[in-house]
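A short worksheet on the structure shown next.
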Amino acid sequence: MPDNKCFTGGLQEYVPSPSKPWNEKRIHHLYNKISNGAPLYLIQAAKANKPSVLVDYLISTAISHPLPGEKKVGVKTYDYTYAWKEQSIAEDPNAYYKYLELVHMWFNGMVTEGVRHKLVLFWSNHFVATADVTGNRPTWVFQYYYLLHKYALGDFREFVKAIGLTPAMILYLNGNANVNGRPNENYARELLELFTMGVGNYTQKDVVEVARALTGWNISYYESPAGSGQYYIGPLRENEFVFYRYNHDWKGKVIFGQQVGNNGGVVPSTDAEALTKAKNEYDKLHDEVIFKAKKNEVAKFICKKLYKYYLYNDPPQDIIDGLATVFINSNFNIASVLKTLFKSEHFYEDEAMGLIIKSHIDNQIHYCRSLDLEPGKDYFKYKWINNSFQAEVTDPVNFPNTLNRDTLSFLYYANNNLGQTLFNPINVAGWPGYRSWLNEFTLVNRWKYNRDQMSYYLQYDSTKTKYRNFLKDISNNSKDPDLIVRNVINYFMTVDLDEQYIQTAIGIFKASVPSNYYLDGTWSLDYVTVPNQLINLMNYLVTLPEYQLL
């Protein structure tokens with residue numbers, strides 16, 4: 001459908017009413033969409049806030065959250081320091097483990113912070129540039145990952161400009177092969193087709209001219225000293241560039257009817273002068289051409305992709321038009337668009353809930369966030385330390401981590417097997433999402449990996465205590481297994497479950513305990529089997545179609 005008529009409600013701010021109350025259902029809906037769920041205490045606390053106030057808080061907190069490479073100490077400590085962020089060594093035998101440290105950083109951020117890390121997953125699937133193409137060199141992967149966070153909720157124009165000159169993008173879309181006289185069109189085409197405005201809003205001539213404007217940008221890979229066999233790379237940090245002036249096309253280009261970068265074909269006499277002129281040309285291409293001549297096309301294209309990521313695959317055109325207006329009027333500020341969407345009457349319609357099919361990563365992160373799992377207690381974040389990939393903290397309370405239950409690496413490899421490898425989308429267009437997440441292979445293996453996660457990797461004593469306390473909190477310490485199971489289902493499911501499946505779930509929850517224990521008072525939520533009863537229940541729920549929705 002070109003214009004979905006199933007949804008009502010516009011972009012005006014949602015005001016709770018008796019017919020549309022601010023209740024746990026809508027609070028779950030917000031947290032599920034914006035951050036892949038939330039622990040029970042946040043769900044309960046949200047009832048006392050106005051929806052718009054909560055959205056403002058979540059977005060502003062995500063904006064101020066420390067960036068990769070930074071550390072913030074407070075009520076919670078967020079440590080994103082990365083020792084290898086400016087490593088110049090080109091051929092490092094330990095590069096993969098240092099790259100895997102970034103994988104752990106990202107997964108851990110999705111569990112502990114949520115909002116920005118989920119959005120960064122979207123941007124990594126929009127501005128696709130894989131870690132594989134960089135050879136997993138930690139410096140180059142880090143630069144790309146850092147920029148995804150820095151601009152995730154910021155100025156989209158600056159985002160596009162910054163990401164286009166990262167080593168990862170230059171290598172992935174052959175910018176290093178884009179030279180005067182032989183322009184390589186790969187990045188130019190994707191800049192227009194996938195990154196800004198979409199198909200049908202440019203011509204082949206525009207692609208060629210954009211490619212000419214982008215000639216000369218590169219990466220460096222060099223031996224020092226000569227003959228030593230020691231190789232190094234660059235650039236090593238943001239706003240550091242490699243530009244070869246003799247590889248740039250210094251003649252004029254006409255793009256969308258506008259003149260760009262005419263130096264009369266004369267190569268500047270110094271590298272410094274050339275870099276300044278080339279960067280001015282690069283900025284004009286984006287600021288004065290793409291984001292002015294095609295501002296409406298860019299705004300609608302990006303807003304539609306954001307809507308599809310967060311809400312539904314078939315967005316109503318009037319909602320996209322409204323969001324695009326917000327985008328343009330805010331000078332392409334991403335946070336403004338998301339605040340408008342998450343505060344809107346449209347977002348909180350009953351018909352808007354449970355329409356997203358979880359990605360494979362969403363599927364597992366939602367479980368971790370919903371149960372408030374924590375690093376150093378329920379799972380361990382690994383780093384490359386003393387020439388070994390190991391947990392960054394020891395386990396002083398529970399059984400030692402000698403079994404090497406590396407939960408975050410498990411998440412990485414499990415999702416890789418399902419077709420969603422962090423830092424490595426399947427192609428330049430990214431993972432298509434929606435119904436493509438599920439087929440005979442992925443669905444069955446989702447069940448398997450969910451069970452592995454719950455029954456093997458998340459088996460610390462503190463985790464089992466957390467499961468027990470979760471059931472107590474969600475049921476007011478009830479001794480009624482029927483009530484407990486129904487509350488768990490309502491907490492994890494975004495749509496109603498048929499009674500036959502609820503009864504099956506109750507039976508599975510009760511199965512490991514003699515039935516008379518429920519009648520004579522022997523059983524309570526302090527009973528020894530309770531954590532495993534929750535695991536058994538979840539092992540069943542994850543197999544249901546309704547569990548795949550968010």
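On a predicted model such as this, the values are computed, not experimentally measured, just so you know.
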* For atom NZ of Lys279, decide whether the heavy atoms of other residues, nucleotides or ligands shown that lie under 6.0 angstrom number more than 12. => yes
* Asked: Is the number of heavy atoms from other residues, nucleotides or ligands under 6.0 Å of Lys305 NZ greater than 12?
  -> yes
* Checking Arg405 against Phe410: charged group under 6.0 Å from the ring centre and within 45 degrees of the axis? -> no
* Asked: Cation-pi between Lys294 and Phe256: NZ/CZ under 6.0 Å from ring centre and within 45° of the ring axis?
  -> yes
Would you call [X]-[Y] a salt bridge at under 4.0 Å N-O?
X: Asp92; Y: Arg137; answer: no
X: Glu288; Y: Lys284; answer: no
X: Glu158; Y: Lys161; answer: yes
X: Glu101; Y: Lys98; answer: no

* Please list, chain by chain and in numerical order, all residues satisfying ring-ring contact (aromatic ring centres under 6.0 Å, His included) with Tyr379, sequence neighbours excluded. => none
Could you tell me if the side chain of [Y] sits less than 4.5 Å from the side chain of [X], heavy atoms only?
X: Tyr172; Y: Val428; result: yes
X: Asn218; Y: Asn176; result: yes
X: Trp250; Y: Val266; result: no
X: Tyr457; Y: Tyr449; result: no
X: Ile170; Y: Tyr187; result: no
X: Phe342; Y: Leu58; result: no
X: Gln459; Y: Lys464; result: yes
X: Arg245; Y: Glu273; result: no

Centroid-centroid distance, [X] to [Y], less than 6.0 Å:
X: Phe380; Y: Tyr460; answer: yes
X: Tyr282; Y: His248; answer: no
X: Tyr96; Y: Tyr99; answer: yes

* **Derivation and outcome, side chain to side chain donor-acceptor pair (under 3.5 Å), residues Tyr82 and Gln87** => CA-CA 10 Å; Tyr82 188 60; Gln87 177 179 294; over 6 Å; no
[X]: side chain to side chain donor-acceptor pair (under 3.5 Å) partners, not counting sequence neighbours:
X: Asn186; answer: Asn174
X: Glu223; answer: none
X: Glu440; answer: none
X: Tyr202; answer: Glu193

Going from [atom1] on [X] to [atom2] on [Y], what distance comes out if it is rounded to the nearest 0.5 angstrom?
X: Leu371; Y: Leu534; atom1: CG; atom2: CG; value: 6.5 Å
X: Asn417; Y: Thr442; atom1: CG; atom2: OG1; value: 12.0 Å
X: Ser88; Y: Tyr222; atom1: OG; atom2: OH; value: 6.0 Å
X: Tyr97; Y: Trp384; atom1: OH; atom2: CH2; value: 6.5 Å
X: Leu458; Y: Cys368; atom1: CG; atom2: SG; value: 5.5 Å
X: Ser436; Y: Asn313; atom1: OG; atom2: CG; value: 9.0 Å

* To do: Evaluate the criterion side chain to side chain contact (heavy atoms under 4.5 Å, CB included) for residue pair Arg446 and Val542; output intermediate values, then yes/no.
  => CA-CA 8 Å; Arg446 268 196 187 192; Val542 299; over 6 Å; no
* To do: Start with the C-alpha gap between Ser388 and Asn386, add the side-chain angles, then the distance that decides, and say whether side chain to side chain donor-acceptor pair (under 3.5 Å) holds.
  => CA-CA 5 Å; Ser388 174; Asn386 296 326; over 6 Å; no
* Asked: Of Lys466, Lys381, Arg369, Lys76, which is the lone residue that meets salt bridge (charged side-chain N to carboxylate O under 4.0 Å, His left out) with Glu374?
  -> Lys466
* To do: Tell me, with the steps shown, if His117 and Tyr80 meet ring-ring contact (aromatic ring centres under 6.0 Å, His included).
  => CA-CA 12 Å; His117 284 78; Tyr80 300 127; 5.7 Å; yes
Using 30° and 60° as the class boundaries, would you call the ring planes of [X] and [Y] parallel, tilted or perpendicular?
X: Trp106; Y: Tyr145; result: tilted
X: Tyr382; Y: Phe389; result: tilted
X: Phe107; Y: Tyr412; result: perpendicular
X: Trp437; Y: His360; result: perpendicular

* Can you list the steps and then say if His65 with His149 is a side chain to side chain contact (heavy atoms under 4.5 Å, CB included)? -> CA-CA 10 Å; His65 193 74; His149 277 274; over 6 Å; no
* To do: Output, in order, the C-alpha distance, side-chain angles, deciding distance and verdict of side chain to side chain contact (heavy atoms under 4.5 Å, CB included) for His104 and Ser409.
  => CA-CA 7 Å; His104 277 232; Ser409 289; 2.8 Å; yes
* To do: Run the numbers on Phe156 and Trp123 for ring-ring contact (aromatic ring centres under 6.0 Å, His included), then give the verdict.
  => CA-CA 11 Å; Phe156 183 66; Trp123 289 123; 5.7 Å; yes
* Asked: Looking just at side-chain N and O atoms, do Ser336 and Asn333 make a donor-acceptor pair shorter than 3.5 Å?
  -> yes
* So Phe159 and His126, ring-ring contact (aromatic ring centres under 6.0 Å, His included) or not? Walk me through it. -> CA-CA 12 Å; Phe159 199 172; His126 178 78; 8.0 Å; no
* Pairing residues for Lys118 by the salt bridge (charged side-chain N to carboxylate O under 4.0 Å, His left out) criterion, not counting sequence neighbours -> none
* Structure fact -> Which of Phe332, Phe327, Phe195 passes ring-ring contact (aromatic ring centres under 6.0 Å, His included) with Phe291? It is Phe332
